[in-house]
Structure formats: C-alpha cells, structure tokens
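Accompanying notes for the structure given below.
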Amino acid sequence: MTIVGVPAGWPATEEEARAVQDELRGRVVLHEPGPPPGTGRVTGVDVAYDDELDLVAAAAVVLDAATLDVVAEATAVGRVSFPYVPGLLAFRELPAVLAALDRLPVPPGLVVCDGYGLAHPRRFGLASHLGVLTDLPVIGVAKNPFTFTHDDPGPARGADAPLMAGAEEVGRALRTRDGVKPVFVSVGHRVGLPGAVAHTLALTPRFRLPETTRRADALCRRALREAARRLAGTGGQDATTRQAPTSWYAES
DNA sequence: GCGACAG
DNA sequence: ATCTTGTCGC
C-alpha cells in the first residue's frame, strides 16, 4: 500500500495557509456558464479520517452525467496534513483528493465537492481552491450553512433562497427534496451560481445529497476501513510513502 | 474577550 | 469528521 505524502511547500501553519488563500483567490473564475447539466462526466470527491491512525482516505467517483452510472473511481490514502480549522478545510482535504483525482483513468469533467467554494470567510473555500489547482470546473455542495444565513426556501424541491454573508450573496440554500432540509450550493471555479444550482438538481433525482457525494462518501469510507485493516494486519511495518504529485492537471 | 464554525 | 441501536417507512 502506498501512503501519499504531503505536497512540497504545503502550508504548515494557519498563518501560511491564510496567506496561500489570499494569494490564490484572484485566480478563481466565477462567471463561466460551465458544462451543461446532464452532459459529459461529473465527479464526486470526498474524504474520511481516522485520527487515531493519522490516516486520511479520499475517493473520486466519476459518473456519466446523463445516467448517473459509475464510469470510473479511484482512491488515495495519506497522512493527515493539517488540523481541522474552520476556513482552512482545504489544507486538510486537498492532498488526498488531488492524489485520488490523479489516479483516475479518465478526465473527471465537472467536480462536485463536499463543502464550500465562494461561500467562505476569505471567499476561497475548498471547491474554489481545488478548481484553481486543477483548472477543472468545480462546484461546492455543503450540508450545513456554516456561518451564513438564509431565509427558508419554499417547501418544494427546486426552491432556493440566497445564502448571505452579511449583505453579500455567496451561494444558495437549495431544496433538493420536498420538505427536507436544503443543501448549500456555492460557486467553486468556472461554473456560475445558476449552473451550480442546475447541476445540483440534476444530481439529486432521489436523495437530498448529490449522487456524486453519496458515491464518493461510501467509497472513501471503504478505502479508509481497508487501509486501517491492512496497517493493523502488518503492524504498519510495510507501508511505503511517497511524495504526492505537485502538478495535477497542470496542462488541462 | 468569548463563542461559533464546511469536514 | 466521528462516537453509536434500534427503529420507522418506502
């Protein structure tokens, strides 16, 4: 088993991490229409943790956007690279996510993150950060409103309400199932807010959360279980480590 | 200053 | 995120 290392130059302190966000923020593309929903491929990414073993497992699951059938999937297991700090989630999740994306046998198309993009204290959440590093179209779909506020959307699937940071709209609270708690959609990179909402609805024909997120969540949990089991079985003695790649999708 | 806070 | 049994419903 390979355990992915932390990329060279990855921030080690909160101070450095915030500086990275301030520097990369300007590269986000906010207003492209993005790919039409229901066409091409859509990839979900998610991460699971075992703090005891200091393990993080990421999964990337590629779906056919029209049928939502699984086309390809990949996982990566690594060491935890950053503590959980609200506003700095990307530094904890991205190394493993990038390694999983790097292992996919096909281009991912649109990427759906479990978390926020523009809706972020410095307007540079996980989904935007992933987009800037890969230049892929990315959206964020979160399960909680974080620090943001919103009016209650109507009760029907498809109803939405602006997600507000003070007087600024940073996303939408979107009802994906009748009478069920909304999800929280925000722009990541190269897909505008209307497109992000449309993609989220296309990915939720049956459940509250996007199929992409559900598939990636199940897969990263399984990858974490298997990694933990293998480490226990070998006393952790045969684990190899390597440097994570540093130029993922630099050319696409 | 204190609490809250995506995952 | 994760800790955790049964239970109600399609």
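Chain naming here is simple, since letters A, B, ... match the order of the sequence lines and numbering starts at 1 in each.
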For A/Thr204 and A/Leu209: C-alpha separation, side-chain torsions, deciding distance, then whether side-chain contact (heavy atoms from CB on, under 4.5 Å) applies. CA-CA 6 Å; A/Thr204 51; A/Leu209 296 179; 5.8 Å; no
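- At a threshold of 4.0 angstrom between heavy atoms, the contacts of A/Leu94 with the nucleic acid are absent.
- Shown for residues 114-121 of chain A: residues whose heavy atoms fall under 4.0 angstrom of DNA chain B, namely A/Asp114, A/Tyr116, A/His120.
- Within the 3.5 Å criterion, the main-chain N or O of A/Gly44 finds no donor-acceptor partner in the side chain of A/Thr212.
- For the OP1/OP2 pair of C/dA1 and a distance below 4.0 Å, the side-chain nitrogens and oxygens of A/Arg221 include at least one atom meeting the criterion.
- Between A/Asp114 and A/Lys143 there is a salt bridge, with a side-chain nitrogen of the basic residue lying less than 4.0 Å from a carboxylate oxygen of the acidic one.
- Partners of A/Phe91 according to the ring pair (Phe, Tyr, Trp, His ring centres under 6.0 Å) rule, which considers only residues two or more places apart in sequence or in another chain, are A/Trp10, A/Phe82, A/His129.
- First and last contacts of DNA chain B with chain A, using any nucleotide atom under 4.0 Å from a protein heavy atom and ordered 5' to 3', fall at B/dC5 to B/dG7.
- At the heavy-atom level, A/Tyr84 lies under 4.0 Å from base atoms of the strands shown.
- Remark: P of C/dT2 and CG of A/Leu55 are 12 Å apart, rounded to the nearest angstrom.
- The residue A/Asp46 sits close only to the backbone: its heavy atoms come under 4.0 Å of sugar-phosphate atoms, none of a base.
- Closest approach of A/Ala48 and A/Cys220 over heavy atoms only: N-SG, 3.7 Å.
- Side-chain contact check for A/His189 and A/Asp135: at least one donor-acceptor pair (N or O, by modelled atom type) lies under 3.5 Å.
- Taking a cutoff of 4.0 Å between a charged side-chain nitrogen and a carboxylate oxygen, A/Arg222 and A/Asp217 do not qualify as a salt bridge.
- Only at 4.0 angstrom or more do the heavy atoms of residues 154-174 of chain A sit from any atom of DNA chain C, so none qualifies.
- A donor-acceptor contact shorter than 3.5 Å links the side chain of A/Arg157 to the backbone of A/Leu201.
- When atom types are taken as modelled, the side chain of A/Ser186 and the backbone of A/Gly117 share a donor-acceptor pair closer than 3.5 angstrom.
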Apply salt bridge (charged side-chain N to carboxylate O under 4.0 Å, His left out) to A/Arg175 and A/Asp152, showing your working. CA-CA 10 Å; A/Arg175 192 91 63 190; A/Asp152 198 40; 3.5 Å; yes
Structure string for DNA chain C in dot-bracket form, Watson-Crick and G-U at under 3.5 Å, | interchain: ..........
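- Taking the centre and axis of the six-membered ring of A/Phe184, the NZ or CZ atom of A/Arg172 falls outside the cone set by 45° and 6.0 Å.
- Residue-level contact check: A/Gly87 touches the bases, meaning some heavy atom is under 4.0 Å from a base atom.
- Nucleotide C/dA1 holds its P atom 9 Å from the CD atom of A/Glu93, rounded to whole Å.
- For A/Glu226 and A/Arg230, the salt-bridge test fails: no basic side-chain N is under 4.0 Å from an acidic carboxylate O.
- When the C1' atom of C/dG9 is taken as reference, atom CZ of A/Phe207 falls 13 Å away, rounded to whole Å.
- For the pair A/Glu211 and A/Arg206, the salt-bridge criterion is not met [side-chain N within less than 4.0 Å of a carboxylate O].
- Under the 4.0 Å criterion applied to side-chain N and carboxylate O atoms, A/Asp50 and A/Arg225 are not assigned as salt-bridge partners.
- Residues A/Tyr49 and A/Tyr84 place their aromatic rings such that the two centres sit no closer than 6.0 Å.
- Heavy-atom contacts from other residues, nucleotides or ligands closer than 6.0 Å to CZ of A/Arg92 number more than 12.
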According to the Watson-Crick and G-U wobble definition with distances under 3.5 Å, which dot-bracket string, read 5' to 3', encodes DNA chain B, using [ ] for crossing pairs and | for pairs with another strand? .......
